[in-house]
Amino acid sequence: MASEAVGQWVLMATGRSPTNIAVIKYWGKRDEALILPVNDSISVTLDPDHLSATTTVAVSPAFSSDRMWLNGKEISLSGGRFQSCLREIRKRACDFEDEKKGIKIKKEDWEKLHVHIASYNNFPTAAGLASSAAGFACLVFTLGKLMNVKEDYGELSSIARQGSGSACRSIYGGFVKWCMGKKDDGSDSIAVQLADEAHWKDLVIIIAVVSSKQKETSSTTGMRDSVETSPLLQYRAQTVVPSRVLKMEEAIKHHDFESFAKLTCADSNQFHAVCLDTSPPIFYMNDTSHRIISLVEKWNQSEGSPQVAYTFDAGPNAVLIARNRKTAALLLQKLLYYFPPQDKDLSSYLVGDKSILSDAGLHCTEDVEALPAPPEMKIHDQKFKGDVSYFICSRLGAGPKVVADESQALLDSVTGLPKGL
Ligand SMILES: Nc1ncnc2c1ncn2[C@@H]1O[C@H](COP(=O)(O)OP(=O)(O)OP(=O)(O)O)[C@@H](O)[C@H]1O
Ligand SMILES: C[C@@](O)(CCOP(=O)(O)OP(=O)(O)O)CC(=O)O
């Protein structure tokens, strides 16, 4: 390594990765260590401008151990999942040379160099918004860039999978399928892109952040308990999901919103039924989640065909997918009628793509107060101010990207420590 001669260089890379939301859920592992699922799953990747992880990774001969900071706080890298990702990426590292900086790292030298990692999520961590998916996809993608790993997205997805199952789907934009695979070593348990983010541009995603507190049962623990105790999980994995996945692929291919919405809602409901079928039962949704489901179901029914799909991960937050912008604006009016902001102005109550507010004719809190009651709902007089923390309006987005602008790096290029430390 030229490093000894040069001394204190720091080599860095920064990447940004999106999160994803499953429309056919992954719930249950057949191998805990390798993170191999009991069924295929399908997701949509969300726009990284609204929900993403940004990660800077650095190596330097001056670093004495591997270290990581998440959202500004140092966390341990000793867990098996971080170790698996680091080991698998280091194994695939290639020769690197930067003549100008006098850095030359040979393939075998990467094993001896320690890494510093700093990551930041632009949305709540561990709150059922798949921070682990964005986080591990970003870590693997960015380490791969730093260590000059050959670009094989299937292989990167199988490494990200070992950080968190759902992370393998965040390696691509658009619509993504995680193929469960058959092999014991997990080499065929990889994600593939079904269609990119430009394929179905009409879709608008509105997320109701019902609670941004950390949840009681993590996905990892929850699905382990379900595998051990839920008979419904076995039936779901073997009988229901295989045909649902085929139908979902067709719906996506043909922009068939009716099938897409029906399958999405049914699969979310079955996943939560599996949670209830677990002993002891797991409750991820709450009264607010149930009210949102009712609102969407009644509206869809009154229109005679689905306008909006809903899906809930391991938490109470609702992810609503509207067939187009007009529907999304109507949906927002209905949501804000029942869940008006409490102590917040409209522009902090709806984040992300705020232009949906003017599409819905909502410019100030008075406009929200003047909203008419949704005619399809029987109960109009009750409102639930404060039950939704805030809304995010988003769309489908692209996969991981390198952040070339060095001013956005989270580590200092001289010390290799988080900026501001
Ligand atoms: N940016 C990140 N970089 C690396 N790891 C991350 C990052 N963000 C989150 N994680 C890891 O993911 C863990 C949180 O995962 P967890 O599954 O509990 O929540 P979630 O992913 O937000 O929700 P869910 O997967 O249920 O939708 C964190 O404790 C951390 O280990
Ligand atoms: C409900 C889900 O969001 C579960 C995600 O589980 P994780 O990927 O967070 O679990 P681990 O593999 O144990 O890290 C459904 C999904 O994303 O498919």
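Because only heavy atoms are used, hydrogens play no part in the values below, and waters and symmetry mates are left out as well, while side chains stay in. All figures in this text were calculated on a predicted structure; none of them were measured in a lab.
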Cationic tip of Lys383 above Phe339 ring, under 6.0 Å, 45° of axis: no
Around atom OH of Tyr235, are there more than 12 heavy atoms of other residues, nucleotides or ligands at under 6.0 Å? no
So with a 6.0 Å cut-off around NZ of Lys385, is the heavy-atom count from everything else above 12? no
Within this structure, what is the OG-NZ distance for the pair Ser189 and Lys183, rounded to the nearest 0.5 Å? 11.5 Å
Which heavy atom in Glu249 sits nearest to a heavy atom in Leu194, and how many Å separate them? OE1-CD2, 3.7 Å
Kindly compute the distance separating CZ (Arg169) from OG (Ser43), expressed to the nearest 0.5 Å. 4.0 Å
Distance check, rounded to the nearest 0.5 Å: Glu406 atom CD versus Ser413 atom OG? 6.5 Å
Is it the case that atom NZ in Lys253 sees more than 12 heavy atoms from other parts of the structure closer than 6.0 Å? no
Whether the side chain of Arg161 engages the backbone of Leu34 through a donor-acceptor N/O pair (distance < 3.5 Å, no angle test) should be reported. yes
Do Thr327 and Val204 come within less than 4.5 Å of each other through their side chains, counting heavy atoms only? no
Test your reading of the model: is there a side-chain donor-acceptor pair from Tyr284 to the backbone of Thr217, 3.5 Å cut-off? yes
Under a 4.5 Å cut-off applied to non-hydrogen side-chain atoms, are Leu203 and Arg395 in contact? no
Between the side chain of Arg30 and the main-chain N/O of Pro37, is any donor-acceptor distance below 3.5 Å? yes
Close side-chain approach of Trp299 to Gln301, heavy-atom, < 4.5 Å: no
Is there a salt bridge (charged side-chain N to carboxylate O under 4.0 Å, His left out) between Lys106 and Asp109? Walk through the geometry before answering. CA-CA 5 Å; Lys106 294 208 68 66; Asp109 293 334; over 6 Å; no
Between the side chains of Thr229 and Ser279, is a donor N or O closer than 3.5 angstrom to an acceptor N or O? no
Contact summary for Ala398 and Lys401, nearest pair of heavy atoms: CB-NZ, 3.5 Å
Is the count of non-hydrogen atoms from other residues, nucleotides or ligands lying under 6.0 Å from Lys326 atom NZ greater than 12? no
Flag the pair Val245 / Ile42 as yes when at least one side-chain heavy-atom distance between them is below 4.5 Å, and no otherwise. yes
What I'd like to find out is whether the side chain of Phe123 reaches to under 4.5 Å of the side chain of Thr19, using heavy atoms alone. yes
Working to the nearest 0.5 angstrom, can you tell me the gap between Ile292 CD1 and Ile206 CD1? 11.0 Å
CG (Asp405) with more than 12 external heavy atoms under 6.0 Å: yes
Is the distance between the ring centroids of Phe260 and Trp200 under 6.0 Å? yes
Between Arg67 and Leu417, is any pair of side-chain heavy atoms under 4.5 Å apart? yes
May I ask you to say whether Arg90 pairs ionically with Asp66, meaning some side-chain N is under 4.0 Å from a carboxylate O? yes
Residue pair Ser358 / Ser355, side-chain donor-acceptor N/O under 3.5 Å: no
Quick one: does Thr56's side chain have a donor or acceptor within less than 3.5 Å of a partner on Leu410's backbone? yes
Check Ala409 against Met12 and note the closest heavy-atom contact, atom names and distance. CB-CE, 3.7 Å
I'd like to know if the side chain of Glu297 pairs up with that of Tyr310 as donor and acceptor (distance under 3.5 Å, no hydrogens or angles considered). yes
Is it true that a side-chain atom of Asn148 and a backbone atom of Asp95 form a donor plus acceptor pair closer than 3.5 Å? yes
Can you classify the ring geometry of Phe271 versus Trp27 as parallel (below 30°), tilted (30 to 60°) or perpendicular (above 60°)? tilted
How many angstroms lie between atom CG of Asp359 and atom CG of Leu332, to the nearest 0.5 angstrom? 9.5 Å
For the backbone of Ala273 and the side chain of Asp277, can you confirm whether one donor and one acceptor N or O come within less than 3.5 Å of each other? no
Are the side chain of Ser158 and the backbone N or O of Glu155 linked by a donor-acceptor pair below 3.5 Å? yes
Other residues, nucleotides and ligands only: do more than 12 of their heavy atoms fall within 6.0 Å of NZ on Lys91? yes
Relative to the ring of His255, is the ring of His199 parallel (under 30°), tilted (30 to 60°) or perpendicular (over 60°)? parallel
Between Phe312 and His272, what is the ring plane arrangement, given parallel below 30°, perpendicular above 60°, and tilted in between? perpendicular
Heavy-atom nearest pair, Lys419 first then Leu411, reads CE-O, 3.7 Å
Should the ring pair Phe63 and His116 be called parallel, tilted or perpendicular, given that the plane angle runs from 0 to 90° and is split at 30 and 60? parallel
Heavy-atom distance under 4.5 Å between the side chains of Ser17 and Pro48, does that happen here? no
How long is the straight-line distance from CE of Met223 back to CD of Glu228, given to the nearest 0.5 Å? 13.0 Å
With a cut-off of 6.0 Å (strictly less than), are more than 12 heavy atoms of other residues, nucleotides or ligands near NZ of Lys247? no
Decide, yes or no, whether a salt bridge links Asp267 with Arg244 under the criterion of side-chain N to carboxylate O below 4.0 Å. yes
Is it the case that Thr45 and Asn20 place a side-chain donor and acceptor less than 3.5 Å from each other? no
Tell me whether Arg291 forms a cation-pi arrangement with Phe384, defined as NZ or CZ under 6.0 Å from the six-membered ring centre and within 45 degrees of its axis. yes
For the side chain of Ser84 and the backbone of Gly80, is there at least one donor-acceptor N/O pair under 3.5 Å apart? yes
Working for side chain to side chain donor-acceptor pair (under 3.5 Å), residues Lys25 and Thr311: CA-CA 9 Å; Lys25 306 288 184 196; Thr311 185; 2.6 Å; yes
All heavy atoms of Ser119 vs all of Ala53, minimum pair found to be OG-CB, 4.3 Å
A side-chain contact here means heavy atoms from C-beta on lying under 4.5 Å apart; do Trp110 and Val59 qualify? yes
Show the nearest heavy-atom pair for residues Ser226 and Thr278, with the distance to one decimal. OG-OG1, 2.7 Å
